[in-house]
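The first residue of the sequence shown is numbered 1, and numbering continues consecutively from there.
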Amino acid sequence: MLLASNFPEKHQVVKMSAGFQLGVIGSLALSVASSVAIVICNKALISTLGFPFATTLTSWHLMVTFCTLHVAQRLHFFEPKAIDGQTVILFGLLNGTSIGLLNLSLGFNSIGFYQMTKLAIIPFTVLLETIFLKKRFSESIKLSLLVLLLGVGIASVTDLKLNLLGSILSGLAIATTCVGQILTNTIQKRLKVSSTQLLYQSAPYQAAILFATGPFVDQFLTNRSVFAHKYSAPVLGFIVLSCLIAVSVNFSTFLVIGTTSPVTYQVLGHLKTCLVLSFGYTLLHDPFTLRNILGILIAIFGMALYSYFSVRESKKKSTNDALPVSQMPDKEAEPLLATKDSNDTKKANGLSHDC
């Protein structure tokens, strides 16, 4: 009788797990498609049309994202949820700062060193989550990440020219990016807010810091003023297109990090790098060598390993979660509703203060 009474619960868990996995696949596909599209659009805007103001453009992306979400909220596509003001302000400013630092890192370093900076985000994220969140990564996951990073490094890293200021900026960019992405995941789970709700609350602050500093950063890097640029019809058209695609990019970024993890999002980012390299060779006839091909193949193999081990561990965890209550430890069956909300809010506020 006990087995019969628990069968509907197990069946419901399996259905929920299948729906969740479909949602994750959809968010990953949206992230890849929108990111590759915006890279191609921005490459045409910056390289072909001569609009090099990347930081200012990013501030416009975030402003359009917020306006779009505000309209969606007014039309009742989602319900806004109040988040502690200090948490969301610090979170928004941190993410905006990380974008600016990445652009400065690219400006003060060679392209090869900048690619190494992006590669360093994964191991640094693993280190931070292990130390501060007590998260455990299996040896299989670590091995697959090592293979992935090796492949992307072979495919994309060329020259490695070091300088002190560039190295400091890269270190700050890595730290702020990792902490920002970890907080994106942590805030959504601990405060029980959706990716849309968090993006809606934080986008104005991300846009504000980039809107205020972007023109100065861009002028410092390019020796040109965004205000003195000649805005032709094609330039304006590609700016509008880039901003519209960015809505999907920003939404899918928060969605992927919230439903998976910061490490998975970075793995997905390297898949985008490989796709961009491939599209660049196929569509834009960029130079492509045997080294690029070998690196991409190794990286894809690493991604396949990571996906396989992640799915296997996820299924193992789902099986454990589906155990009847009578088979779980007593402490897991105890109600936590009385203290959970207040504790979660305090923890999230503590994380924001640490930023």
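- Panel note: side chain T273, backbone G269; a donor-acceptor pair is recorded below 3.5 Å.
- Rounding to the nearest 0.5 Å gives a distance of 8.5 Å between CG of L93 and OH of Y205.
- In the hydrophobic clustering of ILVMFWY residues, with side-chain heavy atoms under 4.5 Å counting as a link, V152 and L275 come out together.
- Both F227 and L45 are assigned to one and the same hydrophobic cluster, defined by single-linkage of ILVMFWY side chains at heavy-atom distances under 4.5 Å.
- Using a 4.5 Å heavy-atom threshold, the side chains of L69 and T65 count as touching.
- Under 3.5 Å, the side chains of N95 and S98 contain no donor-acceptor pair of N or O atoms.
- The cluster map of Ile, Leu, Val, Met, Phe, Trp and Tyr, joined by side-chain heavy atoms under 4.5 Å apart, puts F53 and V64 in different clusters.
- Within the 4.5 Å cutoff, side-chain heavy atoms of W60 are placed close to those of F211.
- Minimum interatomic distance between K189 and G258 (heavy atoms only, all atoms of both residues): CE-O, 3.6 Å.
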Task: Step-by-step side chain to side chain donor-acceptor pair (under 3.5 Å) determination, K272 to S31 - done: CA-CA 9 Å; K272 299 170 193 173; S31 180; 3.0 Å; yes
Open item on the list: Show, in sequence, the C-alpha distance, side-chain angles and deciding distance for T186 and L133, and conclude whether the side-chain contact (heavy atoms from CB on, under 4.5 Å) test is met.
Closed with: CA-CA 10 Å; T186 304; L133 299 182; 4.1 Å; yes
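- In terms of the ring-ring contact (aromatic ring centres under 6.0 Å, His included) criterion, residue partners of F220 (sequence neighbours excluded) are, by chain and number, F108.
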Open item on the list: Let's go through L297 and F301 carefully: what are the C-alpha distance in whole Å and the side-chain angles of both, what is the deciding distance for side-chain contact (heavy atoms from CB on, under 4.5 Å) to 0.1 Å, and is it a yes or a no?
Closed with: CA-CA 6 Å; L297 291 176; F301 178 65; over 6 Å; no
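- Looking only at distances, a side-chain donor or acceptor of Q188 sits under 3.5 Å from a matching main-chain atom of F254.
- Residue L305 holds its CG atom at 6.0 Å from OG of S144, rounded to the nearest 0.5 Å.
- Interatomic distance, L268 CG to S307 OG, rounded to the nearest 0.5 Å: 9.5 Å.
- Partners of M303 under the side chain to side chain contact (heavy atoms under 4.5 Å, CB included) rule, at least two apart in sequence or in another chain, are L148, V267, H270, L271, C274, A299.
- Scored by the side chain to side chain contact (heavy atoms under 4.5 Å, CB included) test, L75 finds V71, F77 as partners (sequence neighbours excluded).
- Contact record, P234 with L49: O-CD1, 3.8 Å, taken as the closest heavy-atom pair.
- Across all their heavy atoms, S27 and L255 have their closest contact at CB-CD2, 3.4 Å.
- The line from CD1 of I298 to CD1 of I154 is 4.0 Å long, rounded to the nearest 0.5 Å.
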Open item on the list: Show, in sequence, the C-alpha distance, side-chain angles and deciding distance for T289 and I293, and conclude whether the side-chain contact (heavy atoms from CB on, under 4.5 Å) test is met.
Closed with: CA-CA 7 Å; T289 65; I293 297 173; over 6 Å; no
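- In this structure, A207 and M63 approach most closely via the heavy-atom pair CB-CG, 3.6 Å.
- Between L62 and F66, every side-chain heavy-atom pair lies at or beyond the 4.5 Å cut-off.
- Proximity of the aromatic rings of Y306 and Y308 is defined here by a centroid distance below 6.0 angstrom, and this criterion is not met.
- L30 is listed as a side-chain neighbour of F251, based on a closest heavy-atom distance under 4.5 Å.
- Contact annotation: the side chain of F91 approaches that of L198 to within less than 4.5 Å [non-hydrogen atoms, C-beta and beyond].
- In this structure T56 satisfies the side chain to side chain donor-acceptor pair (under 3.5 Å) test together with D218, sequence neighbours excluded.
- Closest heavy-atom contact between L210 and G100: CD2-N, 4.1 Å.
- Residues forming a side chain to side chain contact (heavy atoms under 4.5 Å, CB included) with V249 (at least two apart in sequence, or on another chain): S34, S35, I38, I245, T253.
- Under the 4.5 Å side-chain contact rule for hydrophobic residues, L119 and I141 share a cluster.
- Between the side chain of S167 and the main chain of N163, a donor-acceptor pair closer than 3.5 Å is present.
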TODO: List the steps, then state whether side-chain contact (heavy atoms from CB on, under 4.5 Å) holds for K81 with S194.
DONE: CA-CA 9 Å; K81 184 173 182 179; S194 69; over 6 Å; no
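- K135 is linked by a salt bridge (Lys or Arg N to Asp or Glu O under 4.0 Å) to E129, counting only residues two or more places apart in sequence or in another chain.
- Applying the side chain to side chain donor-acceptor pair (under 3.5 Å) criterion to S242, with sequence neighbours excluded, gives N42, H61.
- When side chains are defined from C-beta on, L146 does not count as touching K142, because their heavy atoms never get closer than 4.5 Å.
- No continuous path of hydrophobic side-chain contacts links F238 to V247 [ILVMFWY only; heavy atoms under 4.5 Å].
- Under 3.5 Å, the side chains of E313 and S138 contain a donor-acceptor pair of N or O atoms.
- Residue pairs that meet the side chain to side chain donor-acceptor pair (under 3.5 Å) test with at least one member in residues 170-185, sequence neighbours left out, are S105-S170, N109-S170, T117-S170, Q181-Q266.
- Remark: Y265 engages no residue in a ring-ring contact (aromatic ring centres under 6.0 Å, His included) (not counting sequence neighbours).
- Atom OG1 of residue T97 and atom CG of residue L102 lie 11.0 Å apart, to the nearest 0.5 angstrom.
- For the side chain to side chain donor-acceptor pair (under 3.5 Å) condition, the pairs that include at least one residue of residues 220-236, sequence neighbours left out, are R224-H229.
- Expressed to the nearest 0.5 Å, how far OG1 of T125 lies from CD1 of I174 amounts to 9.5 Å.
- Heavy atoms only, all atoms of each residue included: N103 and A54 are closest at ND2-C, 4.2 Å.
- Although no hydrogens or angles enter the test, the distance criterion places a donor-acceptor pair under 3.5 Å between the side chain of T213 and the main chain of I209.
- Remark: the backbone N or O of V226 is not paired with any side-chain donor or acceptor of Q219 at under 3.5 angstrom.
- Residues forming a side chain to side chain contact (heavy atoms under 4.5 Å, CB included) with Q73 (at least two apart in sequence, or on another chain): H70, F78, P80, Y200.
- Shown here are the side chain to side chain donor-acceptor pair (under 3.5 Å) partners of T130, two or more places apart in sequence or in another chain: there are none.
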